[in-house]
Every structure is written in structure tokens, then in C-alpha cells.
Amino acid sequence: MFKCTRCGEEYSEEEMMYKCKKCDSLLKVEREVKKPKLEGMGIRKYKEALSADSEIITLGEGSTPLCYAEKLSLEYNSEVHLKYEGLNPTGAFKDRGSALAVTKALEYGYREVTLASTGNMAASVAAYCAKARLKPKIFIPHDTPVGKIAQVIAYGGELVKVKGSFQDCMQEAWIEAGGGSYLAETGLNPYYLDGEKTVAYELAYQMDEMPDMLIAPMGTGGLLSSIYWGFLECKELGLIDKIPTLIGTQAKYCSPIIDAFNEKHKRPREPSSGFRTVASSIQVKTPFNGHTAIEAMVETDGFGVKASDKRIIEAIFEMGKEGVFGEPASALPLAALKKLIDPTVDRNIDEGQSIVLLVTGNGLKESELMVEKGIMQLEE
Ligand SMILES: [Zn+2]
């Protein structure tokens, strides 16, 4: 069934739904989960814990490496791991959610799929739609990085460039969905978020002990929310003993979720000024899953950390020294960790902790920008 993430109202899954009819909030899939048998490829490994009723469409997503970062661990006197989600089939963590969301589109009998995206989700959904022989119509901001656009074209997706922000694209996608298309939106599709939770399951199997903390970037807030839900399930199934402290990171000038968290609000408000960042994947002014991301941080004794564009770029180079190339948004967790270790800024953390940084997207997607920004002086 679908359950409202705000008022708790429950709905049958008979018809596809995106929002609660009572309070207009987002829905979460609630099903009985069983211990995964780890059979098959991609997220099929976790099918006993997922909401698919048919064979999951897969391109081999997930099973990404958990790289021990030797130099960072030594420098920060901690145990740092990089979960390299940039090695998913389309180069971003989104593939875990897209695999399930597109599978459900077929189950519900849709032929057309639509969404708004800052780029990564566009590429991901286009790939899975190609595999499922569905037609995606994707609305993207006009300044989306060329690497991500190239992917959508290669997968045969229909691209509509919108002169405006992600929010403007979202409005277009809503109109399209009203016309009978399936909405495969990161922040709105409950099945997408159900697929994303496999990050938590995978860590449960990859690590002997859960880390003390996990740091992830936040755009819509969906990733942190679904990882939290995944950890709750893993604990219920006896796969893990404890849930890591969840730390969400956003860019300094685009931080509606962290601002709301710091001001003790339950839901994000729109940032009062500007929302531009070099981390285009998480340039989201109105985060749909902000309230559930805040809940994930509160419930795990976590918090939010902002980082400037300058720190984000520096972190890309630092991750590079570990042999991992991430796009700007995926360097935010390391930029946040550097701030946490620095005694002169923000909240400090103790040394000697076990930390997982989620490297959400492959650096090749924004290689042009990387070269340009890498040689420019950025404002702190
Ligand atoms: Zn509701």
C-alpha cells in the first residue's frame, strides 16, 4: 500500500498515485519485507524486500564498490570509505530507483513516461525506458551539463529543454502526467524511492559493522530518506545492529533542507536568495522529500553540513587522489567531512570514527565543467 509521509493516510496500490489526497504530501510504499536471497543481477538481488510484482527490469545497477580511502583515513585519523555509486550503469545512484520505477510503469500498463530532471535522472530513466521499450519525455533546464544530455540522446529519449529552473521543468512534467503519462520523478514516485533504499541493504552486506556515520548529498532529499527507510528495514530483518548517524549535505547557496533543519522546521522553505551552485545535480529550490530527509537526520542524531563551491571542487581533486572521480554533487560529502574535521568551522566530530561517503555520480558526466572550474579561482 501507499502511506502518506505526513498524515499517515493509507491507499491501495491498485492505482498509481504520487501524492496524498488529504494533505498533498508524498507517499511511501509500505510492504512486508523479507530477507533478500541475493539472487540475480542488479537490484533483483533484493527483490524480496522490494515492491515489484514482476521481474525487475535491470541493467545491472547496484553492487557498487565500497572503496577504503587510505589517504583520507590517514589524514583524518578515521576510517573513511567511498561508496562509488558513479559506477552504476548510467553513472549515477539513480539507476537503483529507475529500475524499480520503470518496472512498475510496465506493471501499471503505461506506455509513456515523463519526468523533470537536473540531468542524472533524465539519463537514468531514459536508459531503463529503452530497456523496457517505453517512451520517455524528459524536461530539463536549458543549462544541463552536455554529458547528461548526450546520454539521453543515446538512449533515444525525447528531450525538452526548458528556459528556467528544475521547478519550471517540474510544472511541465506534471502537465504531461495529467495527460496520462507515468511520472518517474525522483522526489514524487514512491517506487523510485523504494528502489533507492537498496543502498542501505548493500552496505549491510558489504560491511561487517555499520559505520558510525554516513554522509550523502541532498537535492530533493529523497536519497537520504530512502537510505534511512532501508536501514530501518535492515534492522528489523536483523541484518544490522545499528543505524549510522545520517548527515545530509547541501551547497552553501542552495540549502533549503539544512536551513529548515537548523531552524527546527519540519519542512523546507524556499531559500530567500539565490540557489546557484556548481553542483548542478542538487540545485533544487523546492525539495519534495525535504521533510523526510529532516526526519532521517533527526531520528539518527544527524545534522546537515553546507559547503561552498570552492570546497566542493577541492574535494573532487582530493577524491581523485583515491582513484575515484566524482561529479561536483558527489564531492559534497567529502567537502562536508573536511569541514567537520576542521576545528575552526561548523560542528566537530571525534577522530577514529568509521565514515561512509556516498559518491553519487560519475565525474565523467561533468568533465568539461571540471576542467574549467579546476583551473579557476572560486569564491569561498
Ligand atoms: Zn497525507
Side-chain angles (χ1 to χ4, degrees), residues 1-33 49-53 97 100-101 104-105 107-108 110 113-117 121 166-167 169-197 200 218-233 235-236 243 246 248 256-271 284-300 302 304:
M1 67 177 173
F2 295 126
K3 191 174 179 182
C4 176
T5 54
R6 190 180 198 182
C7 75
E9 185 72 15
E10 294 171 358
Y11 301 92
S12 141
E13 283 181 71
E14 214 164 298
E15 273 180 40
M16 184 59 203
M17 285 181 68
Y18 306 99
K19 284 187 173 182
C20 174
K21 288 177 184 166
K22 279 195 169 172
C23 74
D24 209 34
S25 280
L26 300 180
L27 303 171
K28 175 181 182 301
V29 187
E30 295 263 332
R31 288 198 183 187
E32 191 196 342
V33 293
L50 294 171
S51 49
D53 297 303
L100 189 57
K104 296 306 288 188
E107 284 182 15
Y108 281 105
Y110 286 93
V113 174
T114 190
L115 75 151
S117 169
M121 187 65 176
F166 172 73
Q167 279 64 36
C169 296
M170 196 54 238
Q171 281 186 356
E172 297 291 333
W174 258 123
I175 294 167
E176 195 71 21
S181 282
Y182 177 82
L183 192 62
E185 196 59 55
T186 317
L188 293 176
N189 189 304
Y191 295 113
Y192 169 81
L193 291 178
D194 200 44
E196 276 309 319
K197 76 183 180 190
M218 297 189 291
T220 63
L223 177 61
L224 201 71
S225 309
S226 55
I227 288 175
Y228 175 55
W229 295 334
F231 278 137
L232 285 177
E233 290 178 7
K235 197 157 180 240
E236 197 184 300
I243 295 177
L246 297 178
I257 302 176
I258 295 178
D259 292 342
F261 176 88
N262 290 344
E263 289 162 22
K264 309 236 179 305
H265 291 296
K266 284 189 173 170
R267 307 177 79 80
R269 295 169 304 157
E270 287 199 2
V284 178
K285 196 173 182 180
T286 317
F288 304 114
N289 308 107
H291 64 296
T292 46
I294 288 172
E295 193 187 321
M297 292 190 278
V298 169
E299 293 297 321
T300 60

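Quick note: numbers below take in every heavy atom, side chains included, and nothing from hydrogens, waters or symmetry partners. Counting from 1, the numbers follow the sequence of the chain as shown. Whatever order the structure lists ligands and atoms in, that order sets their numbers, starting from 1.
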Checklist entry - What pair of heavy atoms forms the shortest contact from L188 to L183, and how long is it? => result CD1-CD2, 3.7 Å
Item to check | Any donor-acceptor N or O pair under 3.5 Å, side chains T114, S181 | outcome: no
Checklist entry - Where is the tightest heavy-atom contact between S25 and R6, given as atom of each residue plus distance? => result OG-CD, 3.2 Å
Next on the checklist: Walk me through whether E13 and R31 qualify under side chain to side chain contact (heavy atoms under 4.5 Å, CB included).
Outcome noted: CA-CA 10 Å; E13 283 181 71; R31 288 198 183 187; 3.0 Å; yes
Checklist outcome for this item: One checks the Zn ion (ligand 1) and counts protein N, O or S atoms under 2.8 Å, reaching 4
Next on the checklist: For residues 286-300, which residue pairs pass the salt bridge (Lys or Arg N to Asp or Glu O under 4.0 Å) check, not counting sequence neighbours?
Outcome noted: none
Checklist entry - Are Y18 and Y191 close enough that their ring centres sit under 6.0 Å apart? => result no
